[in-house]
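Take a look at the structure below.
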Amino acid sequence: MTIYAASVVDTPGDPFAEDPAAALAEDGALLVRDGVIRARGSLAELRAAHPDEPVTRLDGGLLLPGFVDTHVHFPQIRAIGGMGLPLLDWLERYALPEESKLADPAYARAVAAEFLDGLVASGTTSALVFGSHFAPAMDELFSAAERRGLNITSGLVVSDRELRPDLLTSPETALADSADLILRWHNRGRLRYAVTPRFSLSASDEMLDACAQLLGEGVWCTSHLNENLAEIATVTGLFPGARDYLDTYFKHGLVTERSVFAHNVHPSDAELALLAETGAAIAHCPSSNGALGSGLFPLRRHVEHGVRVALGTDVGAGSGPFLPKEALQAYFIQQLLGPAGLSLTPVHLLYLATRAGARAIGLEDRVGDLAVGKDFDAVWLRPTGNSTLAVNLRHARDTTDALARIFALATPADVAGVWLRGDAVAGPGPR
Ligand SMILES: [Zn+2]
């Protein structure tokens, strides 16, 4: 057992449903045994109750729940920074040529290591990962995630039209390859499987039907939705009988409480109502939306309809795996929307980067906050020296103000420690 003495800050509440101040919690210490938080309170309380336990001091900065990324593409970690193109041109020019290279398992192994190490270095401890089009590459991702102890939900990406030929497969092969991966990896330790049609633009009705056949036993589903106007027009043309984009998934049974759709920048009210009714969640990826010029995310409409929203970095259209930056971009976009936007507080940003993600991917009973009984998945953000963040934290009025300064200024260089089920896996640790 270890007592961690730190500024422990999390959001056990929901700032979208209550006063944000009431959604925030803070304490001075956690008691961790076998990777699980066993007690929480002031350092004096925990020392008095457990006088023989060693104390690890994490002085300065904030100890937060590990970040939860609900949309990030593992095969695109080497393809960040492609500028100046909208979605469909960006895919063709930057993303898909790189994704083709993962046909080589050795290449995929190197990329999986770079990708997962990038998540850990950014304080991300759980993620819904958009996978590769190649089954051997998925074996590389899952085995590397298992070795690191990360909470990873992912699956083979399947498409049977519209993409470059080497990324296409048949519904029969997709079904067989996915079923094989599910047998080997789903619910193994901290790993789970997500059925992953790339988007209905590149998946026929037969392919979406094959995806539906794989659901069950707690298998998840993830895809893209309403990202860009040209994409939506193409989907509408490909599915003349569908009511809207969401219906292309819904009519195959792919919209459930275990579904997460990325983007939804241009939803209809009917689509928002159906998302709320089914309990499906949206991964909001503001950096990507800005980079590809996709649009300004209507968060207020999602919240008013009761649709669950979390954050995704959408690497490589997004600008890196560090979720606090994504939260800041989400804040900017709502400010830019003016009266149509939903002005976000620092408590909203912490919630979106942690507990909202855990809820969206069904892990809220294990991670997303630092309550007693949860896994000790945590990130310690502590700037060094006289960095601008260090200066600002010294002048923060209170915890909420400190959070605001962290979301404005923190970078992966400020990650001083990361824990996965109690194991310290990154950063120089206590100092
Ligand atoms: Zn994406």
Side-chain angles (χ1 to χ4, degrees), residues 68-83 85-100 102 111 115 118-119 124 127-133 137-138 141 152-159 162-164 167 194-203 211 220-232 234-235 245-246 248-249 254 259-267 280-295 297 309-323 325-326 329-330 333 357 360-361:
V68 182
D69 191 338
T70 61
H71 187 73
V72 56
H73 291 252
F74 127 67
Q76 296 177 10
I77 196 67
R78 297 184 181 183
I80 297 170
M83 293 187 180
L85 295 177
L87 171 67
L88 299 176
D89 302 311
W90 175 85
L91 278 170
E92 195 178 318
R93 168 88 72 86
Y94 292 107
L96 300 183
E98 176 65 20
E99 297 213 12
S100 291
L102 276 81
V111 169
F115 171 76
L119 293 191
T124 294
L128 176 57
V129 175
F130 223 86
S132 166
H133 286 270
M138 292 311 300
L141 177 75
I152 295 293
T153 305
S154 189
L156 181 70
V157 180
V158 297
S159 292
E162 301 288 326
L163 305 182
R164 42 192 288 154
L167 297 180
V195 173
T196 312
R198 183 162 201 118
F199 50 172
S200 53
L201 188 150
S202 70
C211 290
W220 283 71
C221 176
T222 191
S223 195
H224 296 94
L225 177 68
N226 288 324
E227 178 172 2
N228 159 295
L229 295 175
E231 168 215 21
I232 295 168
T234 305
V235 169
Y245 198 155
L246 184 61
T248 64
Y249 301 116
L254 294 171
S259 303
V260 178
F261 295 99
H263 305 303
N264 209 31
V265 178
H266 307 284
I282 295 301
H284 171 36
C285 309
S287 294
S288 166
N289 295 164
L292 301 178
S294 300
F297 180 70
V309 175
L311 288 179
T313 60
D314 199 22
V315 160
S319 51
F322 189 57
L323 265 170
K325 183 167 70 173
E326 210 61 43
Q329 293 294 328
I333 284 182
I361 62 174

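Atoms within a ligand are numbered from 1 in the order they appear, just like the ligands themselves.
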So, Lys325 side chain and Ser287 main chain: donor-acceptor pair closer than 3.5 Å or not? no
From the list Thr222, Val315, Val72, side-chain contact (heavy atoms from CB on, under 4.5 Å) partner of Phe130 resolves to Thr222
Near the Zn ion (ligand 1) (protein N/O/S, cut-off 2.8 Å, waters excluded) we have His71 NE2, His73 NE2, His224 NE2, Asp314 OD1
Distance-only polar pair, side chains of Tyr249 and Ser223, donor-acceptor under 3.5 Å: yes
Among His284, Glu326, His224, exactly one meets side-chain contact (heavy atoms from CB on, under 4.5 Å) together with His71. Which residue is that? His224
So does Arg198 pair up with Glu99, basic N to acidic O under 4.0 Å? yes
Who passes ring pair (Phe, Tyr, Trp, His ring centres under 6.0 Å) against His133, sequence neighbours left out? none
